[in-house]
Amino acid sequence: MGDAGMTEEKNIIILGIETSCDETAVAVVKNGREILSNIVSSQMESHKRFGGVVPEIASRHHVEQITTILEEAMEEANVSFDELDGIAVTEGPGLVGALLIGVNAAKAVAFTQNKPLIGVHHIAGHIYANHIVEELTFPLLTLVVSGGHTELVYMEEHGVFHVIGETRDDAVGEAYDKVARTLGLPYPGGPHIDRLSQEGEPTIPLPRAWLEPNSFDFSFSGLKSAVINTLHNAKQRGEEIPVENIAASFQDSVIDVLVTKTLKAAEEKKVDRILLAGGVAANKGLREQLSTKCEEAGIKLTIPPMSLCTDNAAMIASAGTIFYELGYRSNDQLNGQPGLELPKIKP
Amino acid sequence: MNVLAIDTTSYVLGVAILKDGMVAGEYITHLKKNHSVRLMPAIRGLMEEVDITPNQLDRIVVSEGPGSYTGVRIGVTTAKAMAWSLKIPLVGVSSLEVLAQNGKHFSGVISPFIDARRGQVYTGLYESRQGIVTCVEQDQILLHRDWLNHLKKQEKSILFLSIDIGIHVKEIKDILGEQAVIPPMTEQFPRPGELARLGMEKEVTGEVHSFSPNYIRLAEAEAKWQENQKQKETNK
Ligand SMILES: [Zn+2]
């Protein structure tokens, strides 16, 4: 790419579709890295009053929105169907009813326009959000943290993903939401805890689940229980712990485990590049800690901007472009797969 | 007019193609298999068979519900995305209206229905005059028992059409006796060819973008939330 002698090299333009949770998103990306459009229609407001995403309501919104968002993305990118090389879509994991909207829309457009179809794993998308920021170099390690995921993914090359650690119970974002609910904070709770913890001190000793010495897995359910117990005991003693301090203590414990395990994995796998991915990458405390520790260890860290951390379709189009180049294709029978595992695209 | 019709509102998967307004092909299966996996291969297969390409289509017709929420959405999403990308109109037809066509030559009234669990059905009342079926009581959801007692007052023969007829036949006969007419199993399937014809004859009303399924019912969480709000209001 960028070689002056290779001016005849054709651009690859991929349309990406993402509907795995409560965002209806469509994007057009050129050569896997240049965003031509990135439209995200969030349903956050409709789900707020329920205290979380309601799958049936999410699915209803997606089907209403899908062609509007498709058209916006195509118009903003100013490309015609003829110019598209393929259609990439999130096939899983996620809410099955929500995934089905993106998958069936993608199949329909791929059929009418006679374009290749590329099913993309949602987490592969989150990882490739970093490719848009700065071209990926290998080997690398990605810390994926979101409402549904907490994973350490090791990669030696494009399209081959090794999950070396994952959560055994709650995802990080889930733990944040549950603790926020206990503290009476509105949904989604993550940003509130992050904000409060900047104002408080980690005065309460909360547990850190290190698990077995060589494990890169995570566990956050014990931590959530510890917060609830601490609050309960304090109440019985008639004490009041400032909510800022609870938030800071909780966040401190979460980040300590995430950052320590990530750096340990980086050392063991001898990588000099770490990526942060997923919605929780917006967490200020996590960004700061991870940046400091990576700098100390001489490891290059990439963190996408907010718009690429939360669910979006540019990341799906980016991963889809790489898969397309590797020769990977899906067929008409592509389905939404709520429990899909990270693939090995390369044979 | 070349029309593609899609029905995935129940376990019956139906696809039909009209070429110059004539039925060129119909595909029907009645299987407990995944519509999301099978719909697009069915469309592609039938279009290849009748030798028509996507850009030769003039209109997409979809069974818009009521029925299985997920099933309805698979059909509607596919239909919307096809119509949008081909820049052709999309027309929706009630799944019950399609089924009612099977009673086109029945003198009396027609009650097509879809089981909606917990004793409930989606149903409406239809009537045929000289082969033209019209809706006389709009599609709704209610306890089948209540509906049957309501129909009893009709003092007419009533034709019952449903792929779920098996689980309701006893109740129908208990309440309506001789008044109920139940045709054989082969006449209980919605025909995609009828869906295509109805959709072809209908006027195009809305835009593709704003097209949405007709679920009849609110999402459960939404209904509960609205109920809570009402209670809060009365407790004030
Ligand atoms: Zn995500």
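Computation of the quantities below employed the complete heavy-atom set of this structure, encompassing side-chain atoms and omitting hydrogens, waters and symmetry-equivalent molecules. Reminder, nothing fancy here: chain letters follow the sequence lines and each chain counts from 1. From a predicted model like this one, the values you see are computed outputs, not experimental measurements.
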Heavy-atom closest contact ([X] atom, [Y] atom, distance):
{"X": "B:Ser36", "Y": "A:Asn335", "result": "OG-OD1, 2.8 Å"}
{"X": "A:Ile101", "Y": "B:Thr77", "result": "O-CG2, 3.2 Å"}
{"X": "A:Val63", "Y": "B:Val76", "result": "CG2-CG1, 4.0 Å"}
{"X": "A:Arg60", "Y": "B:Ala219", "result": "NH1-N, 3.2 Å"}
{"X": "A:Ala108", "Y": "B:Met40", "result": "CA-CE, 3.5 Å"}

Answer with side chain, backbone, both or neither: which region of [X] has an atom nearer than 4.5 Å to a non-hydrogen atom of chain B?
{"X": "A:Leu334", "answer": "backbone"}
{"X": "A:Phe111", "answer": "both"}
{"X": "A:Val54", "answer": "side chain"}

Could you grab the distance from atom CZ of A:Arg49 to atom CG of B:Asn228, nearest 0.5 Å is fine? 11.5 Å
Hey, what do you get for CG (A:Asn104) to CE (B:Met82), rounding to the nearest 0.5 Å?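 Answer for the CG-CE pair, A:Asn104 versus B:Met82, is 12.0 Å.
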Within a radius of less than 6.0 Å around [atom1] of [X], do more than 12 heavy atoms belonging to other residues, nucleotides or ligands occur?
{"X": "A:Tyr187", "atom1": "OH", "result": "yes"}
{"X": "A:Glu341", "atom1": "CD", "result": "no"}
{"X": "B:Glu201", "atom1": "CD", "result": "yes"}
{"X": "B:Lys202", "atom1": "NZ", "result": "yes"}
{"X": "A:Asn11", "atom1": "CG", "result": "yes"}
{"X": "A:Arg329", "atom1": "CZ", "result": "yes"}

Is there any residue in residues 47-61 of chain B with a non-hydrogen atom under 4.5 Å from a non-hydrogen atom of chain A, and which ones are they?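 Residues of residues 47-61 of chain B touching chain A at under 4.5 Å: B:Met47, B:Pro54.
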Enumerate by number any residue of residues 133-141 of chain B whose heavy atoms lie under 4.5 Å from heavy atoms of chain A; in the absence of such residues, state 'none'.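 The list, in residue order, is empty: none.
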Side chain to side chain, [X] and [Y], heavy atoms closer than 4.5 Å:
{"X": "A:Thr68", "Y": "B:Trp84", "answer": "no"}
{"X": "B:Ile74", "Y": "A:Leu100", "answer": "yes"}
{"X": "A:Phe81", "Y": "B:Ser85", "answer": "yes"}

Which one wins on heavy-atom pair count under 4.5 Å against chain B: A:Gln113, A:His62, A:Gln65, A:Met74?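 Result: the option with the highest number of such pairs is A:Gln113.
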Give, as side chain, backbone, both or neither, the part of B:Thr78 having an atom under 4.5 angstrom from any heavy atom of chain A.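 For B:Thr78, the contact with chain A is made by backbone and side chain together.
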Might you work through the salt bridge (charged side-chain N to carboxylate O under 4.0 Å, His left out) test for A:Glu64 and B:Lys80, ending with a clear yes or no? CA-CA 9 Å; A:Glu64 281 162 23; B:Lys80 277 183 87 167; over 6 Å; no
